[in-house]
Structures are given as C-alpha cells and as structure tokens.
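Starting off with a structure, shown below.
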2 protein chains.
Amino acid sequence: MFLSFTEENYLKAIYHLSEDGKIDVSTNAISDALNTKPASVSDMLKKLSQKEVINYIKYQGVSLTPSGKKIALQIIRKHRLWEVFLVEKLKFNWDEVHEIAEQLEHIQSNLLIERLDEFLGFPPFDPHGDPIPNERGEMKAKKHTPLSETDLHNQGKVIGLKETSPLFLQYLDKAGIYIGAKIKVMDKIEFDGSLEILIDNKKTILVSSEVAKNILIAES
Amino acid sequence: MFLSFTEENYLKAIYHLSEDGKIDVSTNAISDALNTKPASVSDMLKKLSQKEVINYIKYQGVSLTPSGKKIALQIIRKHRLWEVFLVEKLKFNWDEVHEIAEQLEHIQSNLLIERLDEFLGFPPFDPHGDPIPNERGEMKAKKHTPLSETDLHNQGKVIGLKETSPLFLQYLDKAGIYIGAKIKVMDKIEFDGSLEILIDNKKTILVSSEVAKNILIAES
DNA sequence: ATGAAAATTTAGGTTTGTCTAAAAAAAAGT
DNA sequence: ACTTTTTTTTAGACAAACCTAAATTTTCAT
C-alpha cells in the first residue's frame, strides 16, 4: 500500500493520540497535532477511511484499523531508529534530533531500515527512552527515563541500568535498589541534584544525581 | 531560499544536463530526464526563472544562475555523501544506492550534512567515483573509475591507486605505470578479465584484472 | 429537554505540479 | 525561400492537500 508523506503523518498522529488510552480520536485533536484546520482533517479522514487504514464514522472520531496501526508503527520504528543514528553516530543531542527524524522517517526502503537497525546494533530504545518497534510492529518494552529525570511523586519501577560496574552494583545492593524495585521520588534537592527516594514503599534514602542518572525507570 | 522537492529535482537535472558541455539545456531534454511532459517543464521553468535560479528565454533553453548552481551542487553533495554512507556503513552495493539517495538528498538540515561528512571521514568521491562538492559547492577532482571498468579504446590518465603496498608499487614501476600516465585500453580478455593497455602511446602491456581493479583512471 | 456552545462536516476556492490538446516558434529539407 | 517537421509554449483541466465560511450535528448547561 502506498501512502503519501502527508497520509503517513496523519496515521502517526492518530496513533500517538490514541496511545493515551483514548479509543476514538477527535478531529480537533488531530488538527491540533498537525497544525491544520479541522476542515482539512475531515477531508483526509474520508480518504484514509476509503483506504481502510482507519475506522471512521462521521462526527464520532477515528481509530486505526490493524493495517493502519501496522503502518503507523513502521513509521515510528523508522523515526526512532534514525534518532538513534543521529545521537549515537552523528553526535547530536537527544533534544536536537526530532525535526530531522520527522523527515527521515518517510524515506521508503525496507532494506534501508533493516540495515540501519543492524548497523546500530538493534537498539531497543530511542534516545528519549521510547521503545523501538520491530519489523512486525511489535513493541514489548515500555518507555523508560533516567531516575534523575523522573517527575516528583511519580511511582515507577527500575527496569535497567546505564552503568554496570561492580562498584555501582554493590552500591545499589547495599542501598536496596534492584531491577523491579518500586521507586517514588519524594524530593529533589536543588543544590546538587540529589534525590530523596522511597523504595518499595518501605525505605527512604538519598541518592546523588550521578547515581540517579544511571538508573532507568519505567513510570507507571 | 526555500525550494520544494520538485524544484530541487529540476535544478539537479539542469545541472547534470549542462555538465556535458552544453551551455543551454532544452525543454525536451529536461522532460526526458525527469519523466514529465515538455508542457510541465515549461510551466516550471517560468517559476524557477522568477525565483532567479535559472536564466530562461522562451524557446531558447535554460542555464543555471550562480545561485541556482550553488543549490544544485548542495543537492549533489548530499546525494553523494548519502551514497557513501549507504555503501561504507550499511553495506549496500554501489549499484543499489541511487534510488535511496534520491530521497535522502532532499532532507533539509545543513548541520546534518556536515556531521555526516565528518562521520564518513570527509570522503572526496562517492562510490561511483564521482567527486563530492564541499559546503561551498567547490569540486576540484574529476570522476574516476577503476581501470578494470574503463571502456575499450577510451583514453584516460592514472589519478590514483586503491592498493598501495610496496609490492604493488614496485610492480607498477616495472610496468611503466605511474600517476599521470596516459592509458588506453586496447583489448579485454574475456577469459580472466585481463587487459591489454597502451601506456603513454608507446608501450603495450598485459595487466591482470586484479591489477586493473586497483588503478584509478580519470577518463578524458 | 431545549437552547447555546462546541465540534465537525460540507461547499467552494487556492496552490502545486502534473496532464492533453492546440497554437506558436524555430529548425531543417528541398 | 518556403514548406514541413520538430520543439516549445499556451490554454484549460485535474488531483492532492490545504484554506475560509457556512451548515450541521453533538454536547453541555440550565
């Protein structure tokens, strides 16, 4: 199925908007996301509906069909792999890559993207911590963030570490932090970026910003 | 100056068509190159002329203005750098990359292309032997091809070597082949790919396909 | 439940880049 | 030089993706 650059962007927007639990996505939400007018969105929804990539009932919002979802996930896969490339290989900062990846995600070539994936060592996450879908659009992992960037009072679970030196692992063990532990950030100390965290609803400890940067959290 | 994807392709086509010594490029030549009808080309030429990237007099063909040429060379720079990336990093064959590079060449980001250039080690040539223009659109070198792929009876000059081991250099010295030597391929032996070559219009020798692959020729 | 507000769709129009058919200009042959 | 052929341009249309303005449907508040 061939979709234009623009059609692909609509599918991607609908996918992202329905990620937040929403089953049906509204016309206005799409027009906001894409910076177009609601009237333009109505036109496009009719077209995408004919191509059977969305379920659309007038005045009632849209959802992706299985084939639409698959296409959306392929675009997201491409976007996130290119972001990894830009950050890992071309030394961009993680906050500079979005715009360029928005363009690169529309390059058409399956072989290209599989080769890129391989070249990058099959990364499971993009530089923002978002998981990268595989060729079949499957995405097991959840988004993760360094503990240092987790929001105050948000409950999360330890899902990985950036640093794995014995010294660091010993420290974590002593502190009672392990993969799977529930963590809640109780306070952030402005002065040195250190955090007061609650572990498994039992114990409160203080960790330095250096430690917090190396613990990956899946927020819930 | 912002040009659309399509406008960029017109400039590139005009550049390539005027490479063969042609001062003025014809409407039909452009329509052939871009697979459009001459009528469409006429429309576009009017538009590009208004943007002052081409010199256009009705019924008399077109040429690029300095600013148009600069844009064309930037696109060619991008195209060739991406080709190097695809071949060197993603292990594509040199004959598989053109179509993908046709898409990648339109990605907008100067920073991206400078970072890519650096990442690739500032390559002077693309995988087809064509020179890569610098940021200012300057391109000193000429196209080069391995001697093994040079056309029969074509006159050329040795401009480089792929292999530089002492043994190979000694061999070349003995054979009378040096950087700058004039070489003409007199015959190709099908059986093993070896070549009969005329050096400096004086001496005829036989070189193996292995040797021929490692000598770079600028055809004239 | 009904009238106002908000959301959405339709109607009609624009721009970009394409097309076909017809007209005009240039080139080529005799 | 003058006709024929080729090349190029103009005229008028179309599809994609957008817009504004107006109409319609849904939702929300009283």
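A note on names: the letters A, B, ... follow the listed sequences, proteins ahead of strands, and every chain is numbered from 1. Any value given below was found using the heavy atoms of this structure, including those in side chains, with hydrogens, waters and symmetry copies removed.
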task = Rounded to the nearest angstrom, tell me the gap between atom NZ in B/K37 and atom P in C/dA21.
result = 10 Å
Side-chain donor or acceptor of B/S31 paired with backbone N/O of B/K37 under 3.5 Å =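 Here the side-chain-to-backbone pair does not exist.
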ask   = Under the 3.5 angstrom rule, does the side chain of A/N134 hit a backbone N or O of A/R136 as a donor-acceptor pair?
value = yes
Under 3.5 Å between N/O atoms: give me all the protein pairs with nucleotides 6-10 of chain D, atom names plus distance.
| residue | atom | partner | partner atom | Å |
| --- | --- | --- | --- | --- |
| D/dT8 | OP2 | B/N28 | N | 2.8 |
| D/dT8 | OP2 | B/N28 | OD1 | 3.3 |
| D/dT8 | OP2 | B/N28 | ND2 | 3.3 |
| D/dT9 | OP1 | B/Y56 | OH | 2.3 |
| D/dT9 | OP1 | B/Y59 | N | 3.0 |
| D/dT9 | OP2 | B/T27 | OG1 | 2.9 |
| D/dT9 | OP2 | B/S42 | OG | 2.6 |
| D/dT9 | OP2 | B/Y56 | OH | 3.4 |
| D/dT9 | O5' | B/S42 | OG | 3.4 |
| D/dT9 | O4' | B/Y59 | OH | 3.4 |
| D/dT10 | OP1 | B/K58 | NZ | 2.6 |
| D/dT10 | OP2 | B/K46 | NZ | 3.2 |

inquiry  = From CG of A/D32 over to C1' of C/dT8, roughly how many Å is that when rounded to an integer?
reply    = 14 Å
inquiry  = Does the structure place the NZ or CZ of A/R115 under 6.0 Å from the centre of the six-membered ring of B/F92, at an angle of no more than 45° from the ring's axis?
reply    = yes
Other residues, nucleotides, ligands: >12 heavy atoms within 6.0 Å of B/E196 CD = yes
query = Separation of A/K51 atom NZ from D/dA16 atom P, in whole Å?
reply = 8 Å
key: Atom-to-atom span, CD1 of A/I30 to P of C/dA7 - whole angstrom   =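 Result: 14 Å.
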message = Under 4.0 Å, heavy atoms only, any strand: does B/F5 hit a base, just the sugar-phosphate, or nothing?
response = nothing
task = Specify the separation, in whole Å, of atom CD of B/Q50 and atom P of C/dT15.
result = 13 Å
ask   = With distance as the sole test, does A/K202 use its side chain to make a donor-acceptor pair with the main-chain N or O of A/I199 at under 3.5 Å?
value = no
key: Between D/dA16 (C1') and A/E7 (CD): distance, integer Å   = 9 Å
ask   = Parallel under 30°, tilted from 30 to 60°, perpendicular over 60°: which one fits the rings of A/F85 and A/F119?
value =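 Tilted, since the angle between the ring planes falls between 30° and 60°.
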